[in-house]
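Quick notes on the structure that follows.
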Amino acid sequence: MVDSKAVAVETEGTGGSPYYDNVRPLCYSDSDAVLLCFDISRQDIFDSGLKKWRTEILDFCPSTRILLIGCKTDLRTDVCTLMELSNQKQTPITHEQGSAMAKQLGAEAYLECSAFTSEKSIHSVFRTAALACINKLQPLAKPSPTRRLSKRLLHLPSKSELLSSTFKKEKAKSCSVMGVGSDCHMIDVRDPSSPPQRNTNQNKRTLCCPPCPEFFNSAYLFFQYPAFSNEYALETTDGRIAPGVVEQSTRPRSC
Ligand SMILES: Nc1nc2c(ncn2[C@@H]2O[C@H](COP(=O)(O)OP(=O)(O)OP(=O)(O)O)[C@@H](O)[C@H]2O)c(=O)[nH]1
């Protein structure tokens with residue numbers, strides 16, 4: 001049920017490979033909406049692939065609605081993904097970049113989801129697509145700074161979640177904490193129950209040596225006292241910084 005209406009949603013998944021170029025257009029006919037999905041860790045697809053798909057969609061079903069979907073948002077906090085991206089001097093696509101791209105492509109909505117960590121986010125994609133099909137979708141609006149902030153705060157993990165997070169379990173692996181900036185409070189992931197310390201040193205500082213030097217020198221969480229910030233960063237062994245946002249917990253999987 002969407003907006004008190006029963007909406008039957010029939011989906012067709014298309015293959016992206018050029019091998020299917022002749023077959024894929026068969027899926028476009030009679031479609032009410034196209035979900036243009038990309039992996040938020042793939043800058044290359046984001047930069048060039050999406051425009052290619054838009055061109056194809058416009059060729060075969062010019063009046064259909066397009067919804068842009070940023071997939072695999074769990075990878076924003078996946079240490080290995082961040083390391084790989086950092087090695088290519090990249091970071092995951094942000095929500096703001098996705099929204100801007102949606103406007104550029106003329107999409108009716110920009111949504112993000114993770115099949116791994118949020119079933120609700122997948123439901124939300126299909127619900128929004130259904131709303132678009134019955135013309136009940138609000139046009140894309142640029143979020144005001146206040147809305148952006150409250151959206152961010154909604155995703156903040158609670159202190160107890162953080163304290164019981166895999167960071168604690170993996171503390172032998174991600175052992176160092178650094179803080180940057182005087183407003184930043186930091187918490188030592190080696191002892192998450194310790195009170196946040198105000199960072200008096202404007203420069204980053206490393207508190208201990210890493211036991212996992214092939215991946216990173218340090219992992220640090222920022223806390224804006226009294227609220228928790230959900231930003232964190234990792235420093236690679238050659239000094240590059242991979243920033244990210246904690247949405248769930250962060251586990252240095254390959255260590
Ligand atoms: N981290 C993460 N991986 C995901 C997620 N969703 C899918 N994957 C992985 O991404 C890969 C592709 O997933 P599929 O469901 O096959 O995606 P698809 O669009 O059908 O891909 P094609 O078969 O290439 O058309 C698989 O290895 C999945 O396990 C997600 O939300 N997060």
Side-chain angles (χ1 to χ4, degrees), residues 16-17 35-50 53 68-102 110-122 124-125 151-152 154-157 161-162 164-178 180 187 189 192 204 206 210-223 228-255:
S17 144
L35 306 181
L36 188 50
C37 303
F38 68 95
D39 174 342
I40 57 93
S41 70
R42 293 286 304 272
Q43 186 84 48
D44 52 335
I45 303 282
F46 188 75
D47 290 341
S48 56
L50 293 179
W53 295 119
L68 183 64
I69 319 291
C71 301
K72 306 189 187 180
T73 50
D74 54 290
L75 295 182
R76 288 211 180 105
T77 55
D78 179 76
V79 175
C80 297
T81 303
L82 292 172
M83 289 295 99
E84 274 167 35
L85 290 176
S86 166
N87 288 338
Q88 300 158 43
K89 299 199 179 352
Q90 290 179 4
T91 50
I93 308 299
T94 62
H95 191 283
E96 283 73 20
Q97 287 173 307
S99 296
M101 178 60 84
Y110 176 65
L111 296 162
E112 292 193 332
C113 64
S114 166
F116 278 18
T117 56
S118 168
E119 199 179 325
K120 208 169 146 195
S121 66
I122 307 292
S124 176
V125 166
K151 193 167 171 120
R152 250 184 81 193
L154 278 178
H155 285 105
L156 288 182
E161 276 170 339
L162 274 168
S164 63
S165 75
T166 43
F167 250 122
K168 189 174 179 184
K169 293 185 197 121
E170 301 277 338
K171 62 188 175 186
K173 292 174 180 170
S174 52
C175 69
S176 305
V177 179
M178 299 189 308
V180 182
I187 197 160
V189 290
K204 64 187 183 192
T206 306
C212 178
E214 68 271 32
F215 284 102
F216 48 82
N217 265 336
S218 52
Y220 56 97
L221 290 167
F222 294 144
F223 298 97
F228 277 81
S229 156
N230 57 348
E231 286 167 9
Y232 74 92
L234 300 164
E235 186 187 41
T236 57
T237 44
D238 55 359
R240 278 169 293 157
I241 299 286
V245 175
V246 176
E247 282 170 352
Q248 296 281 315
S249 55
T250 302
R251 179 197 293 271
R253 274 195 320 210
S254 314
C255 302

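Because the structure is a prediction, the values reported are computed rather than measured.
- Going from atom OG1 of T81 over to atom CG of D39 covers 8.0 Å, rounded to the nearest 0.5 Å.
- Not a single salt bridge (charged side-chain N to carboxylate O under 4.0 Å, His left out) links D47 to another residue, sequence neighbours left out.
- The side-chain hydrogen bond (donor to acceptor under 3.5 Å, both in side chains) search around T94 returns Q97, not counting sequence neighbours.
- In this structure, OG on S124 lies 8.5 Å from NZ on K120, to the nearest 0.5 angstrom.
- For the atom pair SG (C80) and CG (L85), the distance works out to 11.0 Å, reported to the nearest 0.5 Å.
- Between M101 and Y110 the shortest side-chain heavy-atom distance does not fall below 4.5 Å.
- A salt bridge does not link E112 to K72: none of the charged side-chain nitrogens sits closer than 4.0 Å to a carboxylate oxygen.
- With sequence neighbours left out, the side chain to side chain contact (heavy atoms under 4.5 Å, CB included) criterion links I45 to F38, R42.
- By the side chain to side chain contact (heavy atoms under 4.5 Å, CB included) test, E84 pairs with no residue at all, sequence neighbours left out.
- In terms of the side-chain hydrogen bond (donor to acceptor under 3.5 Å, both in side chains) criterion, residue partners of S114 (sequence neighbours excluded) are, by chain and number, D74, T117.
- Residue I69 forms a side-chain contact (heavy atoms from CB on, under 4.5 Å) with just one option from I122, V125, I40, and that option is V125.
- Side-chain atoms of L82 and P92, non-hydrogen and from C-beta on, do get closer than 4.5 Å to each other.
- Residues that satisfy the side chain to side chain contact (heavy atoms under 4.5 Å, CB included) test with S48, not counting sequence neighbours, are absent from this structure.
- Within the 4.5 Å cutoff, the side chain of C113 has no heavy atoms near those of the T73 side chain.
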